[in-house]
Student: 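Take this structure, written in structure tokens, and hold onto it; I'll ask about it next.
One-based numbering, in listed order, for ligands and for the atoms of each.
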Amino acid sequence: MAILITGGAGYIGSHTCIELLEAGYEVVVVDNLSNSSHISLNRVAEITNKNFTFYKMDLMDRGGLELVFSRHSIDAVIHFAGLKAVGESVQLPLSYYYTNITSTLILCEVMNKYNVHKLVFSSSATVYGRPELSPIAEDSPLGATNPYGRTKLMLEQILQDLAASSEQWGISILRYFNPIGAHKSGKIGENPNGIPNNLMPYISQVAVGKLEKVNVFGSDYETVDGTGVRDYIHVVDLAKGHLRALEKVMGKSGVDIYNLGTGQGYSVLEMIAGFERVAGRSIPYQIAARRPGDIAVCFADTQKANAELNWTAERGIEEMCEDSWRWQSSNPNGYEENSSSVREIAAASWE
Ligand code: NAD
Ligand code: WQD
């Protein structure tokens, strides 16, 4: 079975490629590398010892996308591609609305044209806005607080309208909580551009000496130690959730929405302490002001995914920190051009 992975060179996409290849799927990746490196895909090939096809292409390139669908007998699409930085979305709202919405519309139109109607879509816990209570179930009130989150909310609505228009469509919307960690090999992981916005890459870069100390945004929340609590999920567990969602969507029509998290919350200070334990070094930090827009607590009710996808996150906080550290310490500068890559992926001839 052939699966098109949009955004497959990115953090979550590259880990999902590995799980798909190891499960025997044929994989076709489309990515414009705007927030990633082709080296992640070389590493995917190296880890799996499997071939797949990569098109360096923008999803907005309708003609190019049509070529991909005409060349490959695609059975389903996992759609990761998009812009994802909350703060940047406030600065560049048009870019976020344009890229995230238009690319998804074009993708769905081309899928329809080529009679492909199975889609797994990356949404986010950000669509719960400022939740009153955790754990958060899928039917909790929605409401995003920034342009990035609103693109996810709008896309969820668009996909539901699409599925309502024809029974051919089978769509799985996955709301990720806070993905962290990396593949066990230490060869692929999260590789943010510039100074990281998110906690775990920030902690890792302090641990490796690239940044001086972690700014802990707020210590006066109503939580176990006053710092923000989140549901961190290992990226490999998340990737495996996509395979379960894919299996489910192949056999049904309509839209299903699932939270992918662990159901457990950890505070910022607990994460720093956990990282210190596995890295065997201290992580300097200072308490800073609250970050605007942040909430105190956010963790998932995962019962729906557990029951309907037969999926549960298995990796705990220790393993998440260990794997993040292995990736960061063996690749202090992320994917470097001169880093070893023993084999080239089958790059399609597309420019
Ligand atoms: P990422 O930036 O690492 O991966 C996204 C990939 O899409 C990148 O490789 C980028 O180059 C590519 N891309 C972006 N715009 C494109 C376009 N127009 N055409 C082709 N390729 C394009 O991000 P990620 O962390 O792997 O996230 C994947 C998806 O999951 C995103 O949709 C994101 O919004 C969503 N998500 C991420 C998180 C998180 O914390 N990482 C949480 C919730 C949801
Ligand atoms: C986690 C905790 C911060 C950085 C974001 C997006 C969300 C989703 C996942 C895409 C919070 C604290 C952070 C730092 C800190 N992405 N923190 N110092 O905000 O829960 O979610 O990523 O869909 O949409 O908003 O994740 O990792 O930024 O923050 O103290 O330098 O760490 O205040 O409590 P967040 P995060």
Side-chain angles (χ1 to χ4, degrees), residues 5-16 29-38 40-41 55-61 64-65 78-87 89 95-96 98-100 102-104 106-107 121-129 144-146 148-149 151-152 155 174-180 188-193 195-203 205-206 211 213-219 221 223 227-233 235 238-239 242 260-261 265-269 271-272 285-299:
I5 313 292
T6 78
Y11 174 45
I12 306 170
S14 56
H15 286 84
T16 305
V29 171
V30 167
D31 197 305
N32 64 3
L33 303 183
S34 59
N35 196 40
S36 52
S37 161
H38 71 280
S40 68
L41 294 174
Y55 293 87
K56 180 175 182 297
M57 184 188 287
D58 197 296
L59 272 189
M60 239 85 86
D61 178 354
L65 204 53
I78 306 183
H79 179 32
F80 294 105
L83 304 178
K84 66 159 185 178
V86 170
S89 80
S95 172
Y96 271 68
Y98 185 69
T99 305
N100 289 0
T102 314
S103 59
T104 306
I106 291 173
L107 173 67
F121 173 67
S122 300
S123 188
S124 167
T126 198
V127 300
Y128 296 117
T145 57
N146 55 70
Y148 163 71
T151 68
K152 292 296 183 193
L155 286 167
L174 304 180
R175 294 180 180 154
Y176 315 152
F177 279 65
N178 291 58
I180 61 168
I188 62 167
E190 189 168 11
N191 183 34
N193 274 328
I195 301 203
N197 299 309
N198 298 115
L199 180 65
M200 186 46 102
Y202 205 105
I203 293 178
Q205 293 198 12
V206 170
L211 295 169
K213 55 184 152 200
V214 180
N215 290 302
V216 176
F217 297 143
S219 60
Y221 288 109
T223 62
T227 65
V229 167
R230 295 292 183 273
D231 185 338
Y232 298 94
I233 174 171
V235 65
L238 189 65
H242 289 73
L260 296 186
Y266 288 92
S267 76
V268 176
L269 293 182
M271 294 306 289
I272 293 175
Y285 69 87
Q286 67 184 9
I287 304 297
R290 287 183 180 197
R291 185 171 63 178
D294 269 356
I295 51 179
V297 179
C298 174
F299 58 91

Student: Relative to the heavy atoms of Val216, which atoms of ligand 2 are at a distance of less than 4.0 Å?
Tutor: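 With Val216 as reference, the close atoms of ligand 2 come out as 30 (O).
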Student: Minimum distance, heavy atoms only, to atom 17 (C) of ligand 1: which one of Asn178, Ile180, Asn32, Thr104 is it?
Tutor: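 Closest candidate by heavy-atom distance is Asn32.
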Student: Can you tell me the protein heavy atom closest to atom 3 (C) of ligand 2 and the distance?
Tutor: Asp294 OD2, 3.4 Å
Student: Please determine whether any non-hydrogen atom of Lys152 lies less than 4.0 Å from an atom of ligand 1.
Tutor: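 Lys152: in contact with ligand 1 (<4.0 Å).
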Student: Considering all heavy atoms of both residues, which atom of Arg230 and which atom of Ala296 are nearest to each other, and what is their separation?
Tutor: NH1-O, 3.4 Å
Student: So with a 6.0 Å cut-off around OH of Tyr285, is the heavy-atom count from everything else above 12?
Tutor: no
Student: Between Val30 and ligand 1, is there a nitrogen or oxygen pair with a distance under 3.5 Å?
Tutor: no
Student: Is it true that Glu190 lies under 4.0 Å from ligand 1, counting heavy atoms only?
Tutor: no
Student: Do side-chain atoms of Asp58 reach the backbone of Met60 as a donor and acceptor pair under 3.5 angstrom?
Tutor: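 Pair found, side chain donor or acceptor close to backbone of Met60.
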Student: Is Ile203 close to Ile272 at the side-chain level, that is, under 4.5 Å between some pair of heavy atoms?
Tutor: yes
Student: Among all the protein's non-hydrogen atoms, which is closest to atom 19 (N) of ligand 1, and how far away is it?
Tutor: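 For atom 19 (N) of ligand 1, the nearest protein heavy atom is Leu59 N, 2.9 Å.
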Student: Whether the side chain of Thr99 engages the backbone of Tyr96 through a donor-acceptor N/O pair (distance < 3.5 Å, no angle test) should be reported.
Tutor: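 Between the backbone of Tyr96 and the side chain of Thr99 there is no qualifying donor-acceptor contact (under 3.5 Å).
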Student: Without swapping roles, check the side chain of Thr145 against the backbone of Gly129 for a donor-acceptor pair under 3.5 Å.
Tutor: no
Student: So which heavy atom in the protein is nearest atom 8 (C) of ligand 2, and how far is it from that ligand atom?
Tutor: Ser124 OG, 4.0 Å
Student: Heavy-atom contacts with Asn215 under 4.0 Å: which atoms of ligand 2 show up? List them by number with element.
Tutor: 14 (C), 15 (C), 18 (N), 30 (O), 31 (O)
Student: Atoms of ligand 1 less than 4.0 Å from Leu33 heavy atoms?
Tutor: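 The list of qualifying atoms is 11 (O).
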Student: Hey, does the side chain of Tyr11 reach the backbone of Ile180 with a donor-acceptor pair shorter than 3.5 angstrom?
Tutor: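 Yes; judged by distance alone, with no hydrogens or angles, the pair exists.
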Student: Report, in ascending order of atom number, the atoms of ligand 1 lying under 4.0 Å from any heavy atom of Tyr148.
Tutor: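 Those atoms are 33 (C), 34 (O), 35 (C), 36 (N), 44 (C).
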Student: Around atom 31 (C) of ligand 1, find the nearest protein heavy atom and jot down its residue, atom name and distance.
Tutor: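 Result for atom 31 (C) of ligand 1: Phe80 O, 3.1 Å.
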Student: Below 4.0 angstrom from a heavy atom of Ala81, which ligand 1 atoms are there? Numbered from 1 as shown, please.
Tutor: 7 (O), 13 (N), 21 (N), 22 (C)
Student: Should Asn100 and Tyr148 count as side-chain neighbours, where that means a heavy-atom distance under 4.5 Å?
Tutor: yes
Student: Would you say Ser123 touches ligand 1, if touching means a heavy atom closer than 4.0 Å?
Tutor: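 Yes.
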Student: Tell me: protein heavy atom nearest atom 27 (O) of ligand 1, and distance?
Tutor: Ile12 CD1, 3.7 Å
Student: Which is closest to atom 4 (O) of ligand 1 by heavy-atom distance: Ala9, Gly10, Ser103?
Tutor: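 Shortest heavy-atom distance from atom 4 (O) of ligand 1: Gly10.
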Student: Tell me the protein heavy atom at minimum distance from atom 5 (C) of ligand 2, and give that distance in Å.
Tutor: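 Going atom by atom, the protein heavy atom closest to atom 5 (C) of ligand 2 ends up being Asn198 ND2, 3.5 Å.
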Student: Is Met60 in polar range of ligand 1, meaning some N or O pair under 3.5 Å apart?
Tutor: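 Not met; the criterion fails.
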Student: Give a yes or no on whether the backbone of Ala9 and the side-chain of Ser40 come within a donor-acceptor separation of less than 3.5 Å.
Tutor: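 Side chain of Ser40 to backbone of Ala9: a pair is present.
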Student: Nearest protein heavy-atom contact for atom 8 (C) of ligand 1: which residue, which atom, what distance?
Tutor: Asp31 OD2, 3.5 Å
Student: With nothing but distance in play, are any N or O atoms of Leu199 less than 3.5 Å from an N or O of ligand 2?
Tutor: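 Yes, Leu199 has an N/O under 3.5 Å of an N/O on ligand 2.
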Student: What atoms in ligand 2 come closer than 4.0 Å to a heavy atom of Asn197?
Tutor: 4 (C), 28 (O)
Student: Strictly under 4.0 Å, does any heavy atom of Tyr232 approach an atom of ligand 2?
Tutor: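 Yes.
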Student: Check whether Thr6 reaches the backbone of Phe80 with its side chain - one donor and one acceptor, N or O, closer than 3.5 Å.
Tutor: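 Side chain of Thr6 to backbone of Phe80, a donor-acceptor pair under 3.5 Å: yes, one is there.
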Student: For ligand 2, note which part of Val86 has a heavy atom under 4.0 Å away: side chain, backbone, both or neither.
Tutor: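 Under 4.0 Å from ligand 2, Val86 contributes side-chain atoms alone.
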Student: What's the shortest distance from atom 11 (C) of ligand 2 to any protein heavy atom, and which residue and atom give it?
Tutor: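 Looking only at protein heavy atoms, the one closest to atom 11 (C) of ligand 2 is Arg230 NH2, 3.7 Å.
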Student: Give the residue, atom name and distance (to 0.1 Å) of the protein heavy atom nearest atom 24 (O) of ligand 2.
Tutor: Thr126 CB, 3.3 Å
Student: Can you pull out the closest protein heavy atom to atom 1 (P) of ligand 1? Residue, atom name and distance to 0.1 Å, please.
Tutor: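 Nearest neighbour among protein heavy atoms for atom 1 (P) of ligand 1, to 0.1 Å: Asn35 ND2, 3.9 Å.
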Student: For atom 12 (C) of ligand 2, grab the closest protein heavy atom and report residue, atom and distance to one decimal in Å.
Tutor: Val268 CG2, 3.6 Å
Student: Considering only the protein, which heavy-atom contact is closest to atom 40 (O) of ligand 1, and what is its distance?
Tutor: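 Looking at atom 40 (O) of ligand 1, the protein heavy atom closest to it is Pro179 CD, 3.4 Å.
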Student: Would you mind checking which non-hydrogen protein atom is closest to atom 36 (N) of ligand 1, with the distance to 0.1 Å?
Tutor: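 Ranking protein heavy atoms by distance from atom 36 (N) of ligand 1, first comes Tyr176 CD1, 3.6 Å.
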Student: For ligand 1, is there an N or O atom under 3.5 Å from any N or O atom of Lys84?
Tutor: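 In this structure, Lys84 places an N or O atom under 3.5 Å from an N or O of ligand 1.
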Student: Students should be able to answer this: which protein heavy-atom is nearest to atom 28 (O) of ligand 2, and at what distance?
Tutor: Arg291 NH2, 2.8 Å
Student: With atom 4 (C) of ligand 2 as the reference point, say which of Tyr221, Tyr266, Phe217, Tyr148 has the nearest heavy atom.
Tutor: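 Among Tyr221, Tyr266, Phe217, Tyr148, the closest heavy atom to atom 4 (C) of ligand 2 belongs to Phe217.
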Student: In this structure, does ligand 2 have an atom that sits under 4.0 Å from one of the heavy atoms of Tyr176?
Tutor: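 Judged by the 4.0 Å heavy-atom criterion, Tyr176 does not count as contacting ligand 2.
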Student: Mark up the atoms of ligand 1 that fall under 4.0 Å of a heavy atom belonging to Ser122, in ascending order.
Tutor: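 Answer for ligand 1: 29 (C), 30 (O), 32 (O), 35 (C).
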Student: Give, for atom CG of Leu269 and atom OG of Ser219, the distance between the pair rounded to the nearest 0.5 Å.
Tutor: 8.0 Å
Student: Could you check whether any side-chain N or O of Lys152 sits under 3.5 Å from a backbone N or O of Ser122, counting only pairs where one atom can act as donor and the other as acceptor?
Tutor: yes
Student: If you define the side chain from C-beta out and look only at heavy atoms, does anything of Ile195 sit under 4.5 Å from Tyr202?
Tutor: yes
Student: Could you check atom 21 (O) of ligand 2 against the protein and tell me its nearest heavy-atom contact, residue, atom and distance included?
Tutor: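 Its nearest protein heavy-atom neighbour is Asn178 ND2, 3.7 Å.
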Student: Can you sort out which atoms of ligand 1 are near Ser34, meaning under 4.0 Å from one of its heavy atoms?
Tutor: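 Near Ser34, meaning under 4.0 Å from one of its heavy atoms, ligand 1 has 10 (C), 11 (O), 13 (N), 14 (C), 15 (N).
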Student: Kindly confirm or rule out an N or O of Thr99 lying under 3.5 angstrom from an N or O of ligand 1.
Tutor: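 No, since none of the N or O atoms of Thr99 sits under 3.5 Å from an N or O of ligand 1.
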Student: Looking at CZ of Phe121 and OG1 of Thr104, how far apart are the two atoms once the value is rounded to the nearest 0.5 Å?
Tutor: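 Phe121 CZ to Thr104 OG1: 5.5 Å, rounded to 0.5 Å.
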Student: Give the residue and atom name of whichever protein heavy atom lies nearest to atom 3 (O) of ligand 1, and the separation in Å to one decimal.
Tutor: Tyr11 N, 2.9 Å
Student: Judged by atom type as modelled, is there a donor-acceptor pair below 3.5 Å linking the side chain of Asp31 to the main-chain atoms of Leu33?
Tutor: yes
